[in-house]
Amino acid sequence: MIEMSDVVLVLSATGWVTMVGTIVLLWGVAAWTLYRSLSDEDRKLELIDEQGEIDTYSPGALAELREWVQSNPEDPLAEEGKERYNDCVGVLRRVDETFYDWSESEIESLEKL
Amino acid sequence: MADTDARTVREQWGSRFGFLMAMMGAMVGAGNIWRLPYITGENGGGAFLLAYILLLFVIAVPGLMAESVLGRFTNQGVIGSFRSVFGRGRAEGLGLVVVLVNVALMSYYAPIIGWTIYYAANSLLLRFSQPGFASEAFWNAFSSSPALTVGMHTLAMGLVGGVLLFGVKDGIERVVKWMIPLLVLALAAVAAVGLTLEGAMEGLAFAFTPEWAALTRGSTWITALGQALFSTGLGWGIALTFGSYLSKNDDVPLGAGLFTAVGNTSVGLLAIFAVFPLVFAFGLEPSEGSQLTFVTLPQVFPQMPAGPFWAIAFFVGFLFATISTGLAVTEVAVTTVEEETRLGRSGAVGATVGVIWLLGVPSAISSEVFGTMDFMFGNFGLPLATLLIVLTVGWKVGPERIRVLALNRNSDVHIGRWWNPVIKYAIPAIMSFIIVYYVITNVASSFARTAGGLALMAGLLIVAVIAMETLRGGGEPTETDTIAGDD
């Protein structure tokens, strides 16, 4: 079996830092994304079970969608973008609990396109 | 089996965990285990890893998001997605090229799965710990026996076909949900025991000690780029195909993008911990490819306490890594054949597996054919497929459109405007650079193969485009085709 003193001699301080940094950047991020992805999925399923539907865009994403639809009215997908926007606004007005972090005032200020 | 309802209701993943494991399993293959450890040590150790991780986050993660969201948005396989974007006819040929590259890739990857089946079976039979076992002679006896290599290739395609017959949810998902966690556990266990051996830390020093000067060498960045793009399977049609089976409430960026790329590389890191401590502890030469896995490592396990157990863990884990990739690569073609022909699931699986098996026999028998196929499709076919998919999203669909409409819909993380130039300019430029670089570096040493590879890809492109034009006729996207246009 190996002694700790041998370990330090073989792997330099920068080697240790690189190894630990790589572990954090890879295993740490992988574990976080796995946890976040699975817990978000649980939350979505829970809300769909309770309410039958969930909001589909975050406040930032919905604002960008609105801006894109208004800036590109002739785009072949503008109508679909409008439908997606209006669907999300409709859901936000109907549900008690949102998936994304929406405030009451943000929802009240939304207008359909 | 999924035949009866395939035409009316498109399958969906049964669970988020299943989708994530399928994506990770698709991208974790032989390269993570037999290539990443060695190229890390050879290209500056920790410095290489930092360059690789940087490129992974900047290029591979956004690229996988683009490919997956295209599939999720069109809800179709590769050819169907190209049709949705460009309309019927010629451009469907671009999708056909991606499918044919996958078929060619699988034809020489299936024999590798066959090798891992053979070694996993022999580890279970405790062959490596028998007195007088000589790993090099064992490998030579196996690889020079057409009966064994073709037999294992046949078994590999039989296993892949058998799983795919059950569809995406009941086939692929059901299998990878336990295969990938077991692979991770097996590598972790081998790594844990390897690290306790005397001299093991020399292996970690070889892999992690940063040689900062390596970052000033172009070859380091080229190798890191190649590994970041190829080991994540970006642009092969896998992420597109798997993304097409997501439900409308599913997230794309976090799971299909970030988790897939980082999870895949995390297994590569685990392989570094599993392989190098063992190799250095027993004073063997580090190497890459089949030499490392099938010659060097079988010498190591018998010398370890409880060696047969660790040999089983390693080789069965390695089998899981290769077979999960084989399932995904073959599914790209199966999904397309099922959608584009009158064949049901069983027929599509049978036809695809049969063609791949037939094309793979020469690679199973001859290492020269295997090497040539790998050279041509690895160096030129896969970058071509990646370029076709990324250019489609970047220049035809338009990154801003798909970002605001689909990528950020139901996403677990918000993707900002920074994503657009990466998809539109950075990835196409890098892929083009890699193709040109490979041509320049290989043309002097192997002119015939390089010229042949380029001619083959050009021919593939022309024939596929003409074939689809002839079969389908030209035309703009129809009502069912969804995303013609640009930003």
Side-chain angles (χ1 to χ4, degrees), chain A residues 1-3 6-12 14-23 25-34 36-42 44-45 48 53-69 72 74-78 80-81 84-85 88 99-100, chain B residues 15-17 20 24 45-47 49-50 53 56-57 195-202 204-205 207-210 212 248-251 254-255 258-259 262-270 398 400-401 403-417 477 482-487:
Chain A
M1 293 292 166
I2 195 161
E3 296 295 327
D6 295 329
V7 173
V8 176
L9 284 176
V10 172
L11 197 59
S12 66
T14 48
W16 275 104
V17 170
T18 309
M19 187 171 79
V20 172
T22 308
I23 287 171
L25 275 173
L26 293 176
W27 294 351
V29 173
W32 175 80
T33 49
L34 182 62
R36 173 80 193 275
S37 192
L38 294 178
S39 58
D40 277 1
E41 179 70 2
D42 285 346
K44 282 179 187 173
L45 291 174
I48 290 170
E53 55 188 356
I54 54 167
D55 46 316
T56 46
Y57 291 94
S58 66
L62 196 67
E64 285 183 340
L65 178 60
R66 182 187 183 96
E67 187 189 326
W68 181 82
V69 171
N72 299 277
E74 304 302 319
D75 190 283
L77 289 181
E80 182 161 356
R84 289 183 177 209
Y85 180 89
C88 186
F99 173 70
Y100 292 108
Chain B
S15 67
R16 186 72 179 160
F17 185 70
L20 296 176
M24 192 165 144
L49 276 177
L50 293 179
I53 291 169
L56 191 76
F57 279 97
L195 288 170
T196 64
L197 299 170
E198 193 170 350
M201 283 296 164
E202 284 175 41
L204 295 187
F208 289 105
T209 303
W212 299 116
K248 66 173 186 171
N249 292 318
D250 277 324
D251 145 274
L254 190 69
L258 192 56
F259 176 76
V262 177
N264 162 65
T265 309
S266 294
V267 174
L269 180 64
L270 200 49
E400 177 65 3
R401 291 166 96 214
R403 185 182 72 85
V404 296
L405 278 167
L407 187 63
N408 279 328
R409 191 185 195 206
N410 292 305
S411 69
D412 293 340
V413 287
H414 181 256
I415 302 302
R417 288 192 170 89
T482 48
I483 33 179
D486 193 0
D487 278 347

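What you see is a predicted model, and the numbers here were worked out from it, not measured in a lab. Throughout, protein chains are lettered first and strands after them, A, B, ... in sequence-line order, and every chain is numbered starting at 1.
- In this view, A/R66 satisfies the salt bridge (Lys or Arg N to Asp or Glu O under 4.0 Å) rule with no residue, not counting sequence neighbours.
- Of the listed residues (B/L20, B/L56, B/L50, B/L269), the one with the most heavy-atom contacts under 4.5 Å to chain A is B/L269.
- B/D251 is linked by a salt bridge (Lys or Arg N to Asp or Glu O under 4.0 Å) to B/R16, counting only residues two or more places apart in sequence or in another chain.
- In this structure, B/A406 and A/R84 approach most closely via the heavy-atom pair CA-NH1, 4.0 Å.
- Neither the backbone nor the side chain of A/Y85 comes within contact range of chain B; no heavy atoms are under 4.5 Å apart.
- At distances below 3.5 Å, at least one donor-acceptor pair connects side-chain atoms of B/S266 with backbone N or O atoms of A/L26.
- A/F99 has its side chain out of reach of B/N410: every pair of non-hydrogen atoms, C-beta onward, lies at least 4.5 Å apart.
- With chain A as the partner, the residue from B/T209, B/L204, B/V413, B/L254 showing the most heavy-atom pairs under 4.5 Å is B/L254.
- For A/I48, the part sitting under 4.5 Å from any heavy atom of chain B is the side chain, from C-beta outward, and nothing else.
- For A/E41, the part sitting under 4.5 Å from any heavy atom of chain B is the side chain, from C-beta outward, and nothing else.
- Proximity to chain A (any heavy atom under 4.5 Å) is shown, for B/A207, by neither the backbone nor the side chain.
- Taken to the nearest 0.5 Å, the CZ atom of B/F259 stands 4.5 Å off from the CG atom of A/L34.
- Here the shortest heavy-atom pairing between B/A205 and A/L11 reads CA-CD1, 3.3 Å.
- With a 4.5 angstrom heavy-atom cutoff, A/L45 does not touch chain B via any of its atoms.
- Both the backbone and the side chain of B/D250 come within less than 4.5 Å of a heavy atom of chain A.
- When all heavy atoms of A/Y57 and B/V404 are compared, the closest pair comes out as CE2-O, 3.5 Å.
- At a 4.5 Å heavy-atom cutoff, B/L407 makes no contact with chain A through either its backbone or its side chain.
- With values rounded to the nearest 0.5 angstrom, B/I53 atom CD1 is found 5.0 Å from A/L25 atom CG.
- For the atom pair CZ of B/R409 and CG of A/L62, the computed distance is 11.0 Å after rounding to the nearest 0.5 Å.
- Electrostatic pairing of A/R36 and B/D412 does not count as a salt bridge here, judged by no charged N lying under 4.0 Å from a carboxylate O.
- Counting only heavy atoms from C-beta outward, the side chains of A/T33 and B/V262 never approach each other to under 4.5 Å.
- Counting all heavy atoms, side chain and backbone alike, A/T18 lies closest to B/P210 at OG1-CG, 3.5 Å.
- When all heavy atoms are compared, the tightest approach of A/S37 to B/G255 is OG-CA, 4.5 Å.
- Taking a cutoff of 4.0 Å between a charged side-chain nitrogen and a carboxylate oxygen, A/E67 and B/R417 qualify as a salt bridge.
- Heavy atoms closer than 4.5 Å to chain B are found nowhere in A/D42, neither backbone nor side chain.
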